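Presented below is the structure to which this report refers.
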There are 2 protein chains.
Amino acid sequence: MTAPTQTRKARERAAREQLILDHARHMLAAQGYLDLNLDELARRVEYSKGTLYQHFSSKEDLVMAIAVQGMELRAGLFERAAAFRGSSSRERIQAFSVAAAQFSHEYPDYFEVETLVKIASFAGRASEERQNALGLGVGRCFRAVNAVVHAALAAGDLPADGLPPERIVFAIASVSIGSEIMGRLPALRLLAGIDELAWTVRANQCVLLDGLGWRPLSRDFDMAAVDRRLRAEVFPEATWLQV
Amino acid sequence: MTAPTQTRKARERAAREQLILDHARHMLAAQGYLDLNLDELARRVEYSKGTLYQHFSSKEDLVMAIAVQGMELRAGLFERAAAFRGSSSRERIQAFSVAAAQFSHEYPDYFEVETLVKIASFAGRASEERQNALGLGVGRCFRAVNAVVHAALAAGDLPADGLPPERIVFAIASVSIGSEIMGRLPALRLLAGIDELAWTVRANQCVLLDGLGWRPLSRDFDMAAVDRRLRAEVFPEATWLQV
DNA sequence: ATCTGAAATTGACCATCAGTCAAAAATGGA
DNA sequence: TCCATTTTTGACTGATGGTCAATTTCAGAT
């Protein structure tokens, strides 16, 4: 088998893997993990079940592969956000707020899967390789935010005697993911009277940043104006970002 | 069958249900949902599988029942916290921070299950009855916190032009649960350098409350002293609360 | 065009396990 | 002691994740 043939094969294999993942993701979003049936998936992608197992070592590995792709999409958005040149570190961190909201708006299916694999029993059942890949994506997101936090500390926009930078990143991530997860519980949505989840999540993030003492505080600059710049310069696809 | 016999039967039935739930919870914590085997559970509790189904309509219903008990324990702690007479609303809200930390410290297994049932596919598979029971527990927790938020607004400890009270409860819940969930991911724990999760969670909650403008701000009162009072008056069992 | 060995694909098959139900056992009042 | 009722049992079933020997496809050689 010559080299060009090899690359064509690899390309076809990658295309098939993507086909499988796309169908699996849709089925997962529609029916949930417990009702995701591999026989039906094989039927839909028009390959045999045996071929599925050429790509994934188990059902959990398949789901983990979807989570990895989602995390890579998220990391891509975060790295675009990192390139935003706001006029203060507080404006730059706002870019991640939009990036996170954009992720859960554009890829709700991926978000669900991301939540799913956080369950303990998933970690041990997926292949080592994909677990590492997920960790890599998490690391990319972490570093993107971490860089801005460090810049803020260096610039004196954050109090020097506050939380250490890594804990600040952790706090921001926690309030974001926590708000998204809680906001997906119908009971709580009703109790809290939430209609537009994206804006509720962003409000919580904003409160946290103020609590960290991240200057300028939200009342001291025009967040809507920054949103407009972000829409124009970084996330033109974020149509939900009505400003 | 006379009335006393009936009550004895009901008592025995309740005791057996508790036995099943206790074993199931331990197995769930040790092996995860996917490896929770009902044949093995039946063997451990020394009843047949058929008898398990006298108590629960499905495996998901069983897990939901555990979640309900966990939520009731949590609600119990929250209602004890609500009885704390702090010298300000900010001190009173701190009681919930300790209650939440105490819950995940004393009942880590219940916490895991609580997280598990947040997955969409669980909701539809458990019995209506238990889903309602869970909603009831969530409501108890919500109302306990909500009362203090309203008191704070009435007292002017929270800015009148800030988030509406229900959204404040939502924000507090989000940062708490979000921190706990993220803090259980080994990769992120490493990146953020977290060793004592309980204190990291409480730090995040504290930052959020400051961000909400909940007076007195954390720098303006002695949180450690309030912790000492809470330990002495409300949560004597909270040995982790070294103050 | 045809052959051939390697690689890829298949789907019948297997093991596991949630859930069922007819038969057996236990119960409690007469 | 007996009998009707309730409770318990565990063998059985169907569904499904995962395997692998048999088949098909493929690329290069003749």
Side-chain angles (χ1 to χ4, degrees), chain A residues 1-17 19-21 23-24 27-28 31-66 116-117 119 121-122 124-127 130, chain B residues 1-17 19-21 23-24 27-28 31-66 116-117 119 121-122 124-127 130:
Chain A
M1 205 183 286
T2 54
T5 304
Q6 290 257 28
T7 57
R8 195 203 73 217
K9 287 262 175 144
R11 216 167 44 234
E12 285 173 359
R13 188 187 155 83
R16 188 174 64 186
E17 187 156 316
L19 179 76
I20 297 168
L21 288 174
H23 275 89
M27 288 171 69
L28 208 50
Q31 313 162 249
Y33 176 76
L34 296 171
D35 288 323
L36 172 61
N37 183 316
L38 294 194
D39 284 297
E40 197 194 330
L41 176 60
R43 199 175 49 66
R44 289 206 196 183
V45 296
E46 296 181 305
Y47 285 98
S48 73
K49 195 155 59 160
T51 299
L52 298 189
Y53 280 86
Q54 293 263 337
H55 291 268
F56 312 103
S57 67
S58 67
K59 186 177 169 182
E60 289 77 29
D61 194 46
L62 165 65
V63 175
M64 187 66 86
I66 299 172
L116 183 63
V117 301
I119 300 165
S121 61
F122 254 79
R125 287 184 167 223
S127 66
R130 290 199 204 277
Chain B
M1 206 182 286
T2 54
T5 304
Q6 290 259 26
T7 58
R8 196 204 72 219
K9 288 259 176 144
R11 216 170 39 237
E12 286 173 359
R13 188 187 155 83
R16 188 173 64 185
E17 186 156 317
L19 179 76
I20 297 168
L21 288 173
H23 275 88
M27 289 171 69
L28 209 48
Q31 313 162 248
Y33 175 75
L34 296 172
D35 288 323
L36 173 61
N37 183 318
L38 294 194
D39 283 298
E40 196 194 331
L41 175 60
R43 198 176 49 67
R44 290 205 196 183
V45 298
E46 296 182 304
Y47 284 100
S48 73
K49 195 155 61 160
T51 300
L52 298 188
Y53 280 87
Q54 293 263 336
H55 292 267
F56 312 102
S57 67
S58 67
K59 186 177 168 183
E60 289 77 27
D61 195 46
L62 166 65
V63 174
M64 186 67 85
I66 299 172
L116 183 64
V117 301
I119 301 165
S121 61
F122 254 78
R125 286 184 168 224
S127 66
R130 291 200 203 276

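Each chain gets a letter, A, B and so on, in the order the sequences are listed, and its residues count up from 1. This is a predicted model, so every value here is computed, not measured. Any value given below was found using the heavy atoms of this structure, including those in side chains, with hydrogens, waters and symmetry copies removed.
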Check step by step if ring pair (Phe, Tyr, Trp, His ring centres under 6.0 Å) holds for Tyr33(B) and Tyr33(A).
CA-CA 12 Å; Tyr33(B) 175 75; Tyr33(A) 176 76; 8.9 Å; no

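Taking the side-chain contact (heavy atoms from CB on, under 4.5 Å) definition, one finds that Tyr53(B) meets it with Leu38(B), Lys49(B), sequence neighbours left out. Every residue two or more places apart in sequence or in another chain that forms a side-chain contact (heavy atoms from CB on, under 4.5 Å) with Ser127(A) is listed here: Ser57(A), Asp61(A), Glu129(A), Arg130(A). In this view, Glu40(A) and Arg44(A) satisfy the side-chain hydrogen bond (donor to acceptor under 3.5 Å, both in side chains) rule, not counting sequence neighbours. Applying the salt bridge (charged side-chain N to carboxylate O under 4.0 Å, His left out) criterion to Glu12(A), with sequence neighbours excluded, gives Arg8(A).
Contact detail for Leu21(B) and Ala65(B): the closest heavy-atom pair is CD2-CB, 3.8 Å. The minimum heavy-atom distance between Ile20(A) and Val45(A), with the atom names listed, is CA-CG1, 3.9 Å. Heavy-atom minimum distance, Ser58(A) versus Arg125(A): OG-O, 3.2 Å.
Atom CD in Glu60(A) sits about 9 Å away from atom P in dG17(D), given to the nearest Å. In this structure, NZ of Lys59(A) is placed 18 Å from P of dT16(C), rounded to the nearest angstrom. The distance from atom CE of Met27(B) to atom P of dC17(C) is 10 Å, rounded to the nearest whole Å. If you take CG of Leu52(B) and P of dA11(D), they are 15 Å apart, rounded to a whole angstrom. Between His55(A) atom NE2 and dA8(C) atom C1' the separation is 10 Å, expressed in whole Å.
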Between protein and nucleotides 20-22 of chain C, what N or O pairs are separated by less than 3.5 Å?
none

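Put simply, Arg16(A) has a side-chain N or O that comes within less than 4.0 Å of OP1 or OP2 on dT9(C). The side chain of Thr51(A) contributes no N or O atom lying less than 4.0 Å from OP1 or OP2 of dT9(C).
For DNA chain C, the residues of residues 32-48 of chain B within the heavy-atom distance limit of 4.0 Å (strictly under) are Leu36(B), Asn37(B), Leu38(B), sorted by number.
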